[in-house]
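My questions will all concern the structure given below.
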Amino acid sequence: MSKINLTASFFVVFSLICAAFISVQAQNRNDKVLINEAERITGDSFIFSAQTPKGARVFALGKPSSKMLNAIDTGLSELFAVALRNNYFRRLNYSDYTIFIANPDRVKSSANQYSPDIAIGAAQYAGSVYDKGGYVYAAGMVLAFNPCAFIIAEHSKDFQRVSEVVRFEGEHLVLYHNDRKRYNKTADHSQGGGHPILQ
Ligand SMILES: [Zn+2]
C-alpha cells in the first residue's frame, strides 16, 4: 500500500469514528431531554434502559418483566397492522418507538377495576369529567413526537391492557406523522372521542 493510500484510509477510518461518536453524543442529548421530561411529569427516575424483543426502546425504573416487554411488542404490532389498513406508512418500525414504564399513581379505577394509571396535570381536561382536582388519571400519555415516545404504567397482570394502551397511545403518534388533520381532530379527548381511533 502506498503512503498516500495509507493516509487516505487512515483519514476515512478516523472520520468514521468521529461520525459514530457524534451520533452517539446527539443520541444521548436527545435521550436526556426526553428522560428529563418524563421524570418531570411522573416524578419517577428512569434509570434502566432496555429493548423489547422486536426492538422498541424502553426506559423503566428497574428491569421490566418479559411480559411487559412482549405486551409492548404486541401493542405495536397491532398498531402497525391497523395503520397499514389505513394506508399510513410512516413510523411503522419498532425502533421508532420509545416507551417509558412509570410507577402507577393508582392501580384501581374508581370502579374498583385493576387499572394501573398515571396522574398527569389536568390542563385541557380541567373541569371535565376526567378532572380529579388539578390532575387526571390516564392509562398512558404521549411524551414526544420525535422520537415517538409515550408513557405507560407498570403492570403486574392484565398484560393485554398494556398492549391496548400501547396501541392507543401509538395511534396519536402514527396520526401525527401520517395524517396531521386527523391527528388534530383526535388528539384532545376532552372534546369527546376516545380509542380506538383507527379501525
Ligand atoms: Zn388518546
Side-chain angles (χ1 to χ4, degrees), residues 30-52 56-76 78-79 96-176 183 186-197:
N30 287 342
D31 282 352
K32 254 191 198 133
V33 171
L34 204 60
I35 292 167
N36 282 345
E37 185 63 4
E39 295 190 338
R40 188 185 66 77
I41 290 167
T42 60
D44 293 336
S45 299
F46 296 97
I47 53 170
F48 199 94
S49 71
Q51 251 189 16
T52 65
R57 298 197 316 157
V58 171
F59 288 103
L61 314 187
K63 193 174 187 297
S65 70
S66 58
K67 284 180 175 172
M68 275 300 290
L69 295 178
N70 289 330
I72 289 170
D73 275 345
T74 302
L76 288 174
E78 287 165 4
L79 172 70
D96 292 332
Y97 289 81
T98 302
I99 296 102
F100 287 82
I101 304 175
N103 212 16
D105 294 306
R106 71 169 181 189
V107 289
K108 278 188 172 172
S109 68
S110 46
N112 218 26
Q113 297 287 314
Y114 181 70
S115 176
D117 295 318
I118 49 175
I120 55 177
Q124 75 267 28
Y125 294 103
S128 76
V129 292
Y130 296 108
D131 191 353
K132 301 284 185 258
Y135 60 90
V136 297
Y137 286 111
M141 96 171 258
V142 169
L143 181 65
F145 297 104
N146 286 300
C148 292
F150 55 85
I151 306 171
I152 60 174
E154 171 86 52
H155 284 54
S156 56
K157 57 183 181 183
D158 193 9
F159 294 99
Q160 204 186 322
R161 184 173 187 266
V162 173
S163 301
E164 215 162 69
V165 175
V166 166
R167 188 216 144 155
F168 290 169
E169 292 311 313
E171 286 190 317
H172 293 300
L173 295 166
V174 162
L175 284 172
Y176 181 87
Y183 164 78
T186 51
D188 182 355
H189 299 304
S190 67
Q191 307 302 315
H195 293 279
I197 300 168

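Residue numbers run from 1 in the order of the sequence given.
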Spacing of Phe159 atom CZ and Ile72 atom CD1 [to the nearest 0.5 Å]: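 Separation between the atoms: 10.5 Å.
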Aromatic plane relationship, Tyr176 with Phe145 - under 30° parallel, 30 to 60° tilted, over 60° perpendicular: parallel
Side-chain donor or acceptor of Glu171 paired with backbone N/O of Pro196 under 3.5 Å: no
Spatial distance of atom SG (Cys148) from atom CG (Leu143) [nearest 0.5 Å]: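 Answer for the SG-CG pair, Cys148 versus Leu143, is 11.0 Å.
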Check against side chain to side chain donor-acceptor pair (under 3.5 Å), Thr52 and Arg57: CA-CA 7 Å; Thr52 65; Arg57 298 197 316 157; over 6 Å; no
Whether Phe168 and His195 hold their rings parallel, tilted or perpendicular, with breakpoints at 30° and 60°: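 Because their plane-to-plane angle is under 30°, the rings of Phe168 and His195 count as parallel.
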Cationic tip of Lys108 above Tyr114 ring, under 6.0 Å, 45° of axis: no
From NE2 (His155) to CG (Asp117), nearest 0.5 Å: 7.0 Å
Main-chain N/O of Ala71 paired to Ser163 side chain as donor or acceptor, under 3.5 Å: yes
Distance in Å, Tyr97 OH paired with Leu173 CG, rounded so as to fall on 0.5 Å steps: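 Taking OH in Tyr97 and CG in Leu173, the distance rounds to 5.5 Å.
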Identified side chain to side chain contact (heavy atoms under 4.5 Å, CB included) counterpart of Ile118 within the set Asp44, Asp105, Ile152: Asp105
Ile197 and His172, any side-chain heavy atoms less than 4.5 Å apart: yes
Nearest atoms (heavy-atom pairs only) where Pro116 meets Arg161: O-NH1, 3.0 Å
Side chain to side chain, Ser115 and Val107, heavy atoms closer than 4.5 Å: no
Minimum-distance pair of heavy atoms, taken over all atoms of Ala102 and Ile151: CB-CG2, 3.8 Å
Identified side chain to side chain contact (heavy atoms under 4.5 Å, CB included) partner of Met141 from the options Val165, Thr42, Ile41: Ile41
Test item: Glu154 and Pro64 side chains (from C-beta on) under 4.5 Å apart, heavy atoms: no
Side chain proximity check, Leu61 to Ile101, heavy atoms < 4.5 angstrom: no
Value rounded to 0.5 Å, distance of CD1 in Ile35 from CD1 in Ile47: 11.0 Å
Side-chain H-bond candidate by donor/acceptor type, Thr74 with Arg167, under 3.5 Å: no
Between CG on residue Asn103 and OG on residue Ser45, distance to nearest 0.5 Å: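 Here the interatomic distance stands at 10.5 Å.
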Shortest non-hydrogen separation from Leu34 to Pro147 and the atoms involved: CD2-CG, 3.9 Å
Test item: Val58 and Phe48 side chains (from C-beta on) under 4.5 Å apart, heavy atoms: no
